[in-house]
Number of protein chains: 2
Amino acid sequence: MKIILEDLLEELKKNNIRLSHQRLKVLEFLVLNQCHPTADQIYNGLHKEVPTLSKTTVYNTLNSLTEANLVRVINIEDNETRYDINTFNHGHFKCQQCKEIYDFGIDIDSIYTDDLNGFKTTDKNVYFKGVCPKCSNA
Amino acid sequence: MKIILEDLLEELKKNNIRLSHQRLKVLEFLVLNQCHPTADQIYNGLHKEVPTLSKTTVYNTLNSLTEANLVRVINIEDNETRYDINTFNHGHFKCQQCKEIYDFGIDIDSIYTDDLNGFKTTDKNVYFKGVCPKCSNA
DNA sequence: TTTCTAACTTGTAATGATTACAAACTAATA
DNA sequence: TATTAGTTTGTAATCATTACAAGTTAGAAA
């Protein structure tokens, strides 16, 4: 599924989030860099192009976008929060060697359990860890 | 499934981890408090009984136990690492209101995807968030 | 277009979890 | 019981994230 910046802007308007220069740049970065970047990577990636950008703004923006369900937070590792512009139903695999995070398709809704009867589930995440084929063959 | 301290000690020996007083106390705490405590909660919970205990030791111990696969790390929230003595195949549900983490049974291995052919998977986590029945009815 | 204001941005300082380090201590073996 | 590698401890350092207050701006309204 392709992510289109125009659709995201539409969503921002719906959520009453102002289309500031900084926010558009962060969004654009996330669309162009779907490698699950950290806040720091986003900040560094945009710093040349938007020299006035502050790290606080990056965090603020990411929090706003998360609340509006435009980005998804990935907590696969305890010391780094990552952000994903792809909010469709999918899991994340992190290679312990090269540290890369791979998306994989799964139908999370097919995971069924009696244990959660009566629970309202709003957010589902599936995280796998291991070694990717590139690193296995190296 | 019941967790028995003796079995854990056996595992420690197998992994060449010395049975120090502090480690035994941390392990005991995890067995008695299967509420997925944070390092801080473990430290505070043991402080009266083991006044010399330092927070560094708690972290060191948790890291050793994790490496030996005796405890499982839960990264359901970005600002808090939690620890689970129950290493059996199960998922975690966090209530956004009361903050409690519930275990739920699922067969994680039944989650199938073609996308991970060639990947070696060593660790699988399923995290759900939402509202638990207690909070829904309140 | 201009004005207005709530919302946004910025830099600095604070917070809080986790780790680094080096000296003191101890489990377990011989 | 002596030895020593592994462990513990307290303090200081690190690093990601947030708080805050002053300056700036998007976007509505005149």
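To find a chain, count down the sequence lines: A is the first, B the second, and so on, and within it residues start at 1.
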- Message: With a 6.0 Å cut-off on the ring centroids, do Phe93(B) and Tyr127(B) count as close?
- Response: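 They do not qualify: ring centres at least 6.0 Å apart.
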- Is the gap between the ring centers of Phe104(B) and Phe128(B) under 6.0 Å?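 Between Phe104(B) and Phe128(B), the centre distance is under 6.0 Å.
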Please determine, for the side chain of [X], which listed nucleotide ([options]) has the closest atom?
X: Arg18(A); options: dT9(D), dA7(C), dA17(C); result: dA7(C)
X: Gln22(A); options: dG10(D), dT18(C), dT9(C); result: dT9(C)
X: Ser54(B); options: dT10(C), dC8(C), dG10(D); result: dG10(D)
X: Thr81(B); options: dT18(D), dT18(C), dT9(C); result: dT18(C)
X: Asn60(B); options: dC8(C), dT8(D), dG6(D); result: dT8(D)

Once you round it to whole Å, what is the distance between [atom2] of [N] and [atom1] of [X]?
X: Glu67(B); N: dT19(C); atom1: CD; atom2: P; value: 12 Å
X: Leu62(B); N: dA17(C); atom1: CG; atom2: P; value: 14 Å
X: Glu80(A); N: dC15(D); atom1: CD; atom2: P; value: 14 Å
X: Asp78(A); N: dT14(D); atom1: CG; atom2: C1'; value: 15 Å
X: Gln41(A); N: dC15(D); atom1: CD; atom2: P; value: 15 Å
X: Leu12(A); N: dA7(C); atom1: CG; atom2: C1'; value: 14 Å
X: Leu53(B); N: dC25(C); atom1: CG; atom2: P; value: 17 Å
X: Ile42(B); N: dT18(C); atom1: CD1; atom2: P; value: 10 Å

- Query: Base, sugar-phosphate alone, or nothing: which one does Ser20(B) contact when heavy atoms must sit under 4.0 Å apart?
  - Reply: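 If one applies the 4.0 Å heavy-atom cut-off, Ser20(B) turns out to touch the sugar-phosphate alone, with no base involved.
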- Task: Quick one: label Thr38(A) by what it contacts on the DNA or RNA (base, sugar-phosphate, nothing), any heavy atom closer than 4.0 Å.
- Result: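 If one applies the 4.0 Å heavy-atom cut-off, Thr38(A) turns out to touch nothing in the nucleic acid.
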- Could you say whether His21(B) or Tyr43(A) is positioned toward the 5' end of DNA chain C, judged by the nucleotide with the nearest heavy atom to each?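 Comparing both residues, the 5'-ward one is Tyr43(A).
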Hydrogens and angles aside, do [X] and [Y] bring a side-chain donor and acceptor to less than 3.5 Å of each other?
X: Ser54(A); Y: Thr57(A); value: yes
X: Asp103(B); Y: His36(B); value: yes
X: His90(B); Y: Asp84(B); value: yes

Using a cut-off of strictly less than 4.0 Å, decide whether [X] has a side-chain nitrogen or oxygen near OP1 or OP2 of [N].
X: Arg23(A); N: dT9(C); answer: yes
X: Asn16(A); N: dG27(D); answer: no
X: Tyr59(B); N: dT19(C); answer: no

- Message: Nearest heavy atom decides the nucleotide; on that basis, is Thr56(A) or Ile17(B) closer to the 5' end of DNA chain D?
- Response: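 Its nearest nucleotide lies further toward 5', so the answer is Ile17(B).
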